[in-house]
Trainee: 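The structure's right below; bear with me while I get my questions together.
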Amino acid sequence: MPELPEVEVVRAGLDPYIAGRTIVAVQNFHPRAARRSAIGLHDAVGRRMLWMSRRGKYLWAPFAGRQHAFVMHLGMSGQLLIQQRTQPNPKHLRITVEFDDVDRQLRFVDQRTFGHLMIDELTDDGHGGAVPICVSHISRDLLDPVLDRTQVVARIRAKATGIKRVLLDQSVVSGIGNIYADEALWAARIHAETPATVLTSRQVAKLLEEAIAVMQRALAQGGTSFDELYVNVNGQSGYFSRSLNAYGQAGKPCPRCGSNIQRAKFMNRSSFYCPRCQKQARA
DNA sequence: CACAGCTCCTGAATGC
DNA sequence: TGCATTCAGGAGCTGT
């Protein structure tokens, strides 16, 4: 499940390959893969990509002229692979993007089809940069140097809901998904259902610091992979799943206190937490 | 407007 | 064995 570190690994892998390249062909094999693109993907033909940008879990490559960008989201199972053209098509190949490269092409592979590619207009990001319109409602992420962390702390504490819901709300702070939310909450010793309003500024600031720390450690290990669904642009998995303290650890001892990690249903998904370290505070 | 819940999808794992 | 159910979850959309 690609979250910020995994998407950043993909961005960093793609950037040196696509920067300055002109698209010569786009083939779409599945309608859902471009479902949000008001502009047909074939409009990318003839355009030169400048670099790969990222905000939270969104990726985009501005086209020369900076009016439009090629936007990419991996969803749950999306992969962006740089592969030899002669390599057989992967099973869930959705889109190929070809450049003036006789050897390789960019392939978008996505088993569960939650991911998508689109062409979108760029708009001012308020700090001298540009962001696709479809990404403009997404807040800056925790690794963004322009992020105002004090402001994020205040916005989080103003939310009338549980803290984990807020962490997963990409319009408040982006890039965090179910895995890193559980890891950050475990590290900060906060229960997922704690109302955001009862947390102190210091607690929320600490929570964000833990989220940053865990995502940076994951990034250093190439991201978290449980299976073949998340891989870098060369098809390789990351190793951070070995370092998880809470997520997916139900029944195993908490690395801090030894209590068994619990699993709870939450928002149609799972939450993993230590019942001893993460007591639920009351409103 | 804010927040909660539904929905899209495939394939592995589990249940009877 | 085989068919049905459950689970994984990002984020847009709908309903209250």
Side-chain angles (χ1 to χ4, degrees), chain A residues 1-8 10-11 28-38 54-60 71-80 89-95 108-118 120 131-142 154-185 192-198 211 215 223-231 237 241 244 246-251 262-272 283:
Chain A
M1 289 128 268
E3 301 179 31
L4 189 153
E6 293 76 34
V7 178
E8 173 56 23
V10 172
R11 188 208 65 77
N28 183 4
F29 303 103
H30 196 295
R32 267 183 65 80
R35 64 190 177 280
R36 293 184 63 208
S37 198
R54 182 187 57 74
R55 176 183 287 193
K57 304 170 198 171
Y58 271 95
L59 293 168
W60 71 91
V71 183
M72 310 169 191
H73 196 292
L74 302 176
M76 279 192 65
S77 56
Q79 305 175 347
L80 287 163
N89 284 350
K91 180 158 185 200
H92 301 292
L93 178 65
R94 306 305 185 200
I95 291 168
F108 178 58
V109 179
D110 187 15
Q111 180 197 98
R112 295 179 198 168
T113 73
F114 279 19
H116 61 274
L117 269 52
M118 68 186 288
D120 198 16
V131 62
I133 289 171
C134 66
V135 181
S136 58
H137 68 291
I138 301 289
S139 169
R140 289 179 184 275
D141 60 66
L142 289 172
R155 285 192 67 196
I156 289 174
R157 296 182 64 229
K159 288 285 180 183
T161 188
I163 185 63
K164 186 171 173 186
R165 276 179 189 277
V166 183
L167 281 183
L168 294 174
D169 184 342
Q170 307 295 301
S171 70
V172 176
V173 61
S174 69
I176 301 173
N178 207 34
I179 298 170
Y180 297 107
D182 278 2
E183 290 300 305
L185 288 166
E193 309 265 26
T194 306
T197 49
V198 309
M215 291 195 292
T224 301
S225 308
F226 298 110
D227 48 33
E228 302 306 310
L229 285 188
Y230 163 71
V231 293
S237 294
S241 60
L244 295 172
Y247 183 87
Q249 308 301 304
Q262 306 283 307
R263 171 182 170 168
K265 289 268 112 198
F266 175 82
M267 285 173 79
N268 259 344
R269 59 204 65 186
S270 293
S271 266
F272 298 90

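In what follows, every chain begins at residue 1, and chains take the letters A, B, ... in the order their sequences are listed.
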Trainee: Any side-chain heavy-atom pair from A/Val71 and A/Leu59 closer than 4.5 angstrom?
Mentor: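 No. Closest side-chain heavy atoms not under 4.5 Å.
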Trainee: For A/Tyr58, what residues pass the ring-ring contact (aromatic ring centres under 6.0 Å, His included) criterion, not counting sequence neighbours?
Mentor: A/His73
Trainee: side-chain contact (heavy atoms from CB on, under 4.5 Å) with A/Arg35: which residues, sequence neighbours excluded?
Mentor: A/Arg32, A/His116
Trainee: Any side-chain N or O of A/Asn268 less than 4.0 Å from the OP1 or OP2 oxygen of C/dG9?
Mentor: no
Trainee: Has A/Arg269 got a side-chain N or O lying under 4.0 Å from the OP1 or OP2 atom of C/dC7?
Mentor: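 Answer no for this pair, as no side-chain N or O of A/Arg269 is under 4.0 Å from OP1 or OP2.
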Trainee: Only counting residues at least two apart or in another chain, list the ones meeting side-chain hydrogen bond (donor to acceptor under 3.5 Å, both in side chains) with A/Glu8.
Mentor: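 Expected list: A/Arg11, A/Arg54.
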Trainee: Measure all distances between protein nitrogen or oxygen atoms and nitrogen or oxygen atoms of nucleotides 9-12 of chain B, and list the pairs falling under 3.5 Å.
Mentor:
from, atom 1, to, atom 2, distance (Å)
B/dT10, O4', A/Gln111, O, 3.4
B/dG11, OP1, A/Lys91, NZ, 3.4
B/dG11, OP1, A/His92, NE2, 2.9

Trainee: Could you pull out all residues at least two apart from A/Lys91 that satisfy side-chain contact (heavy atoms from CB on, under 4.5 Å)?
Mentor: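 side-chain contact (heavy atoms from CB on, under 4.5 Å) list for A/Lys91, sorted by chain: empty.
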Trainee: Is the side chain of A/Ser77 donor-acceptor paired with the backbone N or O of A/Asp110 at a distance under 3.5 Å, no angle test?
Mentor: no
Trainee: Apply side-chain contact (heavy atoms from CB on, under 4.5 Å) to A/Ala181 and list each qualifying residue two or more places apart in sequence or on a separate chain.
Mentor: A/Lys164, A/Leu167, A/Leu168, A/Ile176
Trainee: For A/Lys57, does its backbone N or O pair with a side-chain atom of A/Glu3 as donor and acceptor, under 3.5 Å?
Mentor: no
Trainee: Any donor and acceptor pair, going by atom type alone, linking the side chain of A/Arg155 with main-chain N or O of A/Ser171 inside 3.5 Å?
Mentor: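 Yes; judged by distance alone, with no hydrogens or angles, the pair exists.
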Trainee: With a 4.0 Å heavy-atom cut-off, tell me which residues in residues 156-163 of chain A come close to DNA chain B, sorted by residue number.
Mentor: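 Those residues whose heavy atoms fall under 4.0 Å from DNA chain B, taken from residues 156-163 of chain A in numerical order, are A/Lys159, A/Ala160, A/Thr161.
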Trainee: Please work out if A/Asp110 contacts a base, only the sugar-phosphate, or nothing of the nucleic acid, heavy-atom cut-off 4.0 Å.
Mentor: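 A/Asp110: no heavy atom of the nucleic acid under 4.0 Å.
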Trainee: State, with a plain yes or no, whether a side-chain heavy atom of A/Asp182 is found less than 4.5 Å away from one of A/Ser271.
Mentor: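 Of all side-chain heavy-atom pairs linking A/Ser271 with A/Asp182, at least one is under 4.5 Å.
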Trainee: Going by heavy atoms closer than 4.0 Å, what residues in residues 165-176 of chain A are next to DNA chain B?
Mentor: A/Arg165
Trainee: Using a 4.0 Å heavy-atom cut-off across all strands, classify A/His116 as base, sugar-phosphate, or nothing.
Mentor: nothing
Trainee: Let me check the geometry of the helix from B/dA2-C/dT16 to B/dC16-C/dG2. What is the bend angle between the axes at its two ends, five pairs each, to 10°?
Mentor: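 For the helix from B/dA2-C/dT16 to B/dC16-C/dG2, the axes at opposite ends meet at about 60°.
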Trainee: Return yes if some donor-acceptor pair links the side-chain N/O of A/Asp120 with the main-chain N/O of A/Pro132 below 3.5 Å, else return no.
Mentor: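 Absent.
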Trainee: Side-chain contact test, heavy atoms from C-beta onward, threshold under 4.5 Å: evaluate it for A/Val172 versus A/Ser139 and give yes or no.
Mentor: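 No, their side chains stay 4.5 Å or more apart.
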Trainee: Listing time: all N or O pairs from protein to nucleotides 14-16 of chain C that are below 3.5 Å?
Mentor:
none

Trainee: A/Ser77 side chain N/O closer than 4.0 Å to the phosphate oxygens (OP1, OP2) of C/dG9?
Mentor: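 False: A/Ser77 side-chain N/O out of range (4.0 Å or more) of C/dG9 OP1/OP2.
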Trainee: Report the residues that fulfil ring-ring contact (aromatic ring centres under 6.0 Å, His included) with A/Phe272, sequence neighbours left out, ordered by chain and then residue number.
Mentor: A/Tyr247
Trainee: Looking at every strand, decide which applies to A/Arg263 at a 4.0 Å heavy-atom threshold: base, sugar-phosphate, or nothing.
Mentor: sugar-phosphate
Trainee: Taking only the side-chain nitrogens and oxygens of A/Lys57, find out if one of them lies under 4.0 Å from OP1 or OP2 of C/dG12.
Mentor: no
Trainee: For A/Phe266, which contact category applies under a 4.0 Å heavy-atom criterion: base, sugar-phosphate, or nothing?
Mentor: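 Nothing: the residue A/Phe266, judged by heavy atoms under 4.0 Å, touches no strand.
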Trainee: Mind checking what makes side-chain hydrogen bond (donor to acceptor under 3.5 Å, both in side chains) contact with A/Tyr180, not counting sequence neighbours?
Mentor: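 Residues passing side-chain hydrogen bond (donor to acceptor under 3.5 Å, both in side chains) with A/Tyr180: A/Glu6, A/Thr224.
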Trainee: Examine C/dG9: is either OP1 or OP2 under 4.0 Å from a nitrogen or oxygen in the side chain of A/Tyr247? Give yes or no.
Mentor: yes
